[in-house]
Amino acid sequence: MSDGPILVTCGLPYTNGPCHLGHLRTYVPADFYVRFLRRRGEEVVFVCGSDNHGTPIVVMAENQGVTPRDLSNRYHEHFAHIFQRMGIRFDHFGMTDGETNHRRTRSIVNALKEKGYIYPQVVEQSYCPKCRRFLPDRYVEGICPYCDTPARGDECDQGCGRHLEPGEIRKPRCLVCGTDAELREQEHFFFRLSEFGKFLEDYLQGLQGTSNARNYALGWVKEGLRDWNITRTLDWGVKFPGHDELVVYVWVDAPIGYISFTEEWARSKGLDWKRYWCGKNKVTHFIGSDIIYHHCIFWPALLTGAGYSAPHAVVASGMVKIDDQKFSKSRGYVVWTGEDYLDKGLPADYLRYYLLSYTNHTKELNFSWKVFSERVNNELVSTLGNFIYRSLFFAHKFFGKVPDGPVSAPTMEAIDRCVGDMDRAVRDFEFKGATDALMALAAYGNGYIQNQAPWKLVKTDPAAAERVVKDCLQVAHALALLMEPVLPDAAARVWRMLGNADVVEEHPISDASVRIASVTLPEPVPLFEKLEESRTRELEAVLKKRVEWAKQAAKEKDLVSIEEFSRMDLRVGKVISAEPVKGSKKLLRLMVDIGEEKPRLVVAGMAEFYKPEEMAGLSVIMVTNMKPAKIFGIESQGMVLAAGEQASLLVPLKDVPPGTMIR
RNA sequence: AGCGAGGUGGGGUAGUCAGGAUAUCCCGACGGGCUCAUAACCCGUAGAUCGAUGGUUCAAAUCCAUCCCUCGCUACCA
């Protein structure tokens with residue numbers, strides 16, 4: 001079945017905030033996948049680590065008055081602890097700021113340099129004279145050079161959506177202090193991603209995992225690839241070899257972490273990490289669908305360029321929504337794994353089951369406490385838990401042990417079917433399909449015990465009742481083995497209640513069809529407890545409160561003080577003349593008298609709604625202290641106020657002279 | 001705007017590539033039965049113009065075209 005060891009990794013959690021449900025959407029299925037395959041006899045290594053570099057961490061650390069290292073350590077510990085509590089068990093959980101990763105990153109960058117895949121280029125970059133530093137990526141805002149709309153430093157987020165290279169943006173401003181940034185020249189280093197188009201196209205055709213990852217990446221490759229600037233002017237990060245003033249871009253050293261964490265793990269076991277990364281490999285990355293580009297394009301190109309093998313599979317999970325709202329920390333739509341879930345005493349098993357069984361792995365998952373508790377109560381508690389408990393209860397009460405004798409053929413078939421279905425589903429990354437198969441076996445058990453009615457047989461034909469109970473216990477035994485990857489804690493409890501002294505995880509799943517021995521049964525206890533409605537309401541209330549609180553905070557943040565308002569110089573202006581701007585459909589060139597010596601020249605986008613002759617003579621409201629802006633080559637010295645799509649002009653109701661202040 | 005992923009009873013989902021006769025399964029709702037078990041389990045009922053429109057065909061959820069909506073790439077993000 002296996003042709004070499006499988007290395008499974010998860011997208012690295014970024015150490016600038018706590019673990020939330022979105023993270024778990026990737027980590028729980030990965031952990032399930034690893035647990036299941038291991039118990040199918042595959043050799044699997046499971047590594048992950050925290051991602052510590054990049055500007056957001058530097059800025060957040062500054063805000064909190066701590067070092068980036070301190071901040072990273074804090075959240076690193078947090079994630080490690082949460083994963084342990086959630087039953088997500090990595091063989092190793094490292095840090096990208098660790099020594100191994102610094103070394104491995106430099107080694108890979110040097111390899112790329114040697115092979116000519118990295119070249120220097122002088123770029124103009126935004127520099128904030130007040131903060132006295134270069135402004136990377138998102139710490140700049142300005143105007144998109146392609147479509148003239150406001151944009152962020154690395155992406156035209158409101159307009160055309162183009163990716164912007166550092167230095168491309170026009171009118172850059174520092175996002176931290178608001179100062180106009182200046183452009184300074186600096187030597188940076190670029191990765192020749194554009195040369196990997198053909199390689200990627202072939203590679204992606206054969207890439208295993210989920211189709212969303214493959215298709216999305218193929219689309220990008222077909223559009224053509226641009227070289228990447230892989231250096232940043234920062235202190236925090238992996239120093240670019242030979243240039244201490246530069247660090248490598250976080251998306252270089254973060255995925256290299258996958259290799260470094262394998263190295264660290266292998267070292268501790270006295271093994272060779274190359275076995276997992278060089279030559280034919282079975283590296284499987286579990287990631288969120290937001291970082292497909294990096295894992296399916298940039299990362300394979302980087303690896304290939306440096307002489308490593310590209311990953312075997314990429315499994316991309318859909319994003320999480322909360323109560324039908326887009327996931328958003330600032331708007332309060334977030335469920336924290338610790339604070340909102342584990343700390344409240346809710347079992348990890350419930351959440352693992354819910355995340356795995358709710359919807360297709362690649363689709364968006366809409367979380368709500370109502371559906372969560374509904375599924376827990378009706379599926380886990382009623383179907384699965386109840387079947388196991390009623391079987392054990394009955395067996396214990398009437399026989400005190402597992403009865404001797406055979407297991408019926410239909411029951412064995414049901415078990416084998418479940419094993420086969422789950423196996424197929426897991427290997428296809430259909431995790432919902434896998435939990436469905438598990439629940440189908442529990443449903444088989446329920447149907448079987450109901451139809452056979454051993455509680456009747458025990459009075460008329462005790463031997464027949466024994467045979468029925470034997471079947472039920474065999475199913476419970478199979479369920480314990482099969483549910484372990486989903487519900488590790490519950491599986492361990494069932495295993496003990498079945499009279500086993502050893503550990504369920506040490507048994508291969510194929511033991512499901514090994515006939516159980518006649519052992520003494522301890523007194524069983526119910527497997528799961530229902531979530532009371534009052535409990536669900538409490539959990540909903542926490543979320544609701546957070547959303548309201550966030551709304552309030554946003555409102556306060558948006559409130560404008562009288563001082564801020566008074567900075568705006570709003571005046572009544574009289575339009576002296578108006579004429580169309582040549583070559584433009586939308587623009588009018590206005591001369592407006594605002595009580596100054598000379599009228600102001602204003603370019604206004606209202607030609608579609610007003611004829612020049614309608615405008616002339618009108619009194620309008622104008623912002624007079626706008627920064628002059630060049631529109632269509634004409635410098636506009638103010639802005640005329642208008643409302644809505646139709647540009648309905650704001651005009652004074654009573655006659656006032658030009659230059660009158662608006663208060 | 002572009003590219004990618006989606007849209008199937010109240011929620012989730014199978015089926016779509018290789019078109020076929022009552023559209024699958026799980027949960028919820030409703031009714032009945034049963035009682036070993038955590039008011040559970042079993043059986044049954046209702047509920048879907050398969051996002052919209054047009055086309056191809058004897059036949060369309062499925063193929064073709066156009067359009068609409070949601071999400072991702074695109075703050076805070078796995």
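Residue numbers start from 1 in every chain, and the chains themselves are labelled A, B, ... in the order their sequence lines are given, proteins ahead of strands.
Between B:C68 and B:A40, the distance separating the two P atoms is 48 Å to the nearest Å. Using atom C1' as the reference point in both B:A65 and B:U56, the two lie 11 Å apart (nearest Å). Between B:G12 and B:G19, the distance separating the two C1' atoms is 27 Å to the nearest Å. The C1' atoms of B:C50 and B:U22 are separated by 16 Å, rounded to the nearest whole Å. Nucleotides B:G47 and B:A29, compared at atom C1', are 9 Å apart to the nearest Å. Across the P atoms, B:U66 and B:U24 are found 32 Å apart, a figure rounded to whole Å. When the P atom is used for both B:C26 and B:C43, the distance is 9 Å, rounded to whole Å. Here, B:C41 and B:C34 have their C1' atoms 8 Å apart, quoted to the whole Å.
When the P atom of B:C71 is taken as reference, atom CD1 of A:Ile292 falls 17 Å away, rounded to whole Å. The distance between atom CG of A:Asp421 and atom P of B:C26, rounded to the nearest whole Å, is 14 Å. One atom, CZ of A:Arg214, and another, P of B:A5, lie 11 Å apart when rounded to the nearest Å. Note: CG (A:Leu218) to C1' (B:C3) measures 12 Å, nearest angstrom. Per the geometry, CE belonging to A:Met439 stands 9 Å off C1' belonging to B:C26, to the nearest Å. Remark: P of B:C76 and NE2 of A:His23 are 12 Å apart, rounded to the nearest angstrom. One interatomic measurement links the two molecules: CG of A:Leu355 to C1' of B:A78, which rounds to 12 Å at whole-angstrom precision. Nucleotide B:C41 holds its P atom 11 Å from the CG atom of A:Leu384, rounded to whole Å.
Taking the six-membered ring where tryptophan is involved, the planes of A:His295 and A:Tyr258 are tilted, since the angle between them lies from 30° to 60°. Ring geometry, A:Phe431 versus A:Phe429: the interplanar angle exceeds 60°, so the pair is classed perpendicular (tilted spans 30 to 60°). Using the six-membered ring where Trp is involved, A:Tyr444 and A:Tyr448 have ring planes that are parallel, under 30° apart on the 30 and 60° scheme. Using cut-offs of 30° and 60° on the angle between ring planes, the pair A:Phe79 and A:Phe83 is tilted.
With a 3.5 Å ceiling on both atom-pair distances, the Watson-Crick or G-U wobble partner of B:C3 is B:G72. Under the Watson-Crick or G-U wobble criterion, with both distances below 3.5 Å, B:A29 is paired with B:U45. Pairing for B:C63 goes to B:G55, judged as Watson-Crick or G-U wobble with the two contacts each under 3.5 Å. The partner of B:G19 cannot be assigned: no Watson-Crick or G-U wobble pair with both contacts below 3.5 Å exists in any strand.
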Check residues 460-467 of chain A and write down every donor-acceptor pair under 3.5 Å in which the side-chain atom is one partner and the other belongs to a residue at least two apart or another chain.
residue  : atom : partner  : partner atom : Å
A:Thr460 : OG1  : A:Leu457 : O            : 3.4
A:Asp461 : OD1  : A:Ala464 : N            : 3.3

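Counting non-hydrogen atoms under 4.0 angstrom, A:Gly433 reaches nothing in the nucleic acid. If you check every strand for non-hydrogen atoms under 4.0 Å, A:Val320 touches a base. In this structure, A:Ser328 reaches the bases: a heavy-atom distance under 4.0 Å links it to at least one base atom across the strands shown.
If A:Thr383 and A:Gly219 are placed on RNA chain B by their nearest nucleotide, the residue sitting closer to the 5' end is A:Gly219.
Checked against a 6.0 Å centroid threshold, the rings of A:Phe398 and A:Phe394 count as neighbours.
If you check B:A78, B:A5, B:C76 against the side chain of A:Asn212, the one that comes closest is B:A5. Residue A:Asn215 has its side chain nearest to B:A5 when only B:A75, B:A5, B:U70 are considered.
The closest side-chain heavy-atom distance from A:Val47 to A:Phe90 is not below 4.5 Å. With a 4.5 Å cut-off on side-chain heavy atoms, A:Trp236 and A:His53 count as touching.
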Which atom pairs link the protein and nucleotides 10-12 of chain B when you take only N or O atoms and keep those under 3.5 Å?
residue : atom : partner  : partner atom : Å
B:G11   : O2'  : A:Tyr358 : OH           : 3.3
B:G12   : O3'  : A:Thr359 : OG1          : 3.1
B:G12   : O2'  : A:Tyr358 : O            : 2.4

Could you go over nucleotides 36-38 of chain B and give all protein N or O partners under 3.5 Å, atom names and distances?
residue : atom : partner  : partner atom : Å
B:C36   : N3   : A:Arg390 : NE           : 3.4
B:C36   : N3   : A:Arg390 : NH2          : 2.6
B:C36   : N4   : A:Arg390 : NH2          : 2.6
B:C36   : N4   : A:Gln450 : OE1          : 3.0
B:A37   : O2'  : A:Asn386 : ND2          : 3.3
B:A37   : N1   : A:Arg390 : NH2          : 2.9
B:A37   : N3   : A:Asn386 : OD1          : 3.3
B:A37   : N3   : A:Arg390 : NE           : 2.9
B:U38   : N3   : A:Phe528 : O            : 2.7
B:U38   : O4   : A:Leu527 : N            : 3.2
B:U38   : O4   : A:Phe528 : N            : 3.1
B:U38   : O4   : A:Phe528 : O            : 2.9

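The existence of a salt bridge linking A:Glu339 and A:Arg546 is confirmed by a sub-4.0 Å separation between a basic side-chain nitrogen and an acidic carboxylate oxygen.
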#### Entry: CA sep, side-chain torsions, deciding dist, call: A:Val314, A:Ile292, side chain to side chain contact (heavy atoms under 4.5 Å, CB included)
CA-CA 8 Å; A:Val314 173; A:Ile292 292 174; 5.6 Å; no
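Not a single donor-acceptor pair under 3.5 Å links the side chain of A:Arg232 to the backbone N or O of A:Tyr249.
At the phosphate of B:C34, neither OP1 nor OP2 sits under 4.0 Å from any side-chain N or O atom of A:Lys456.
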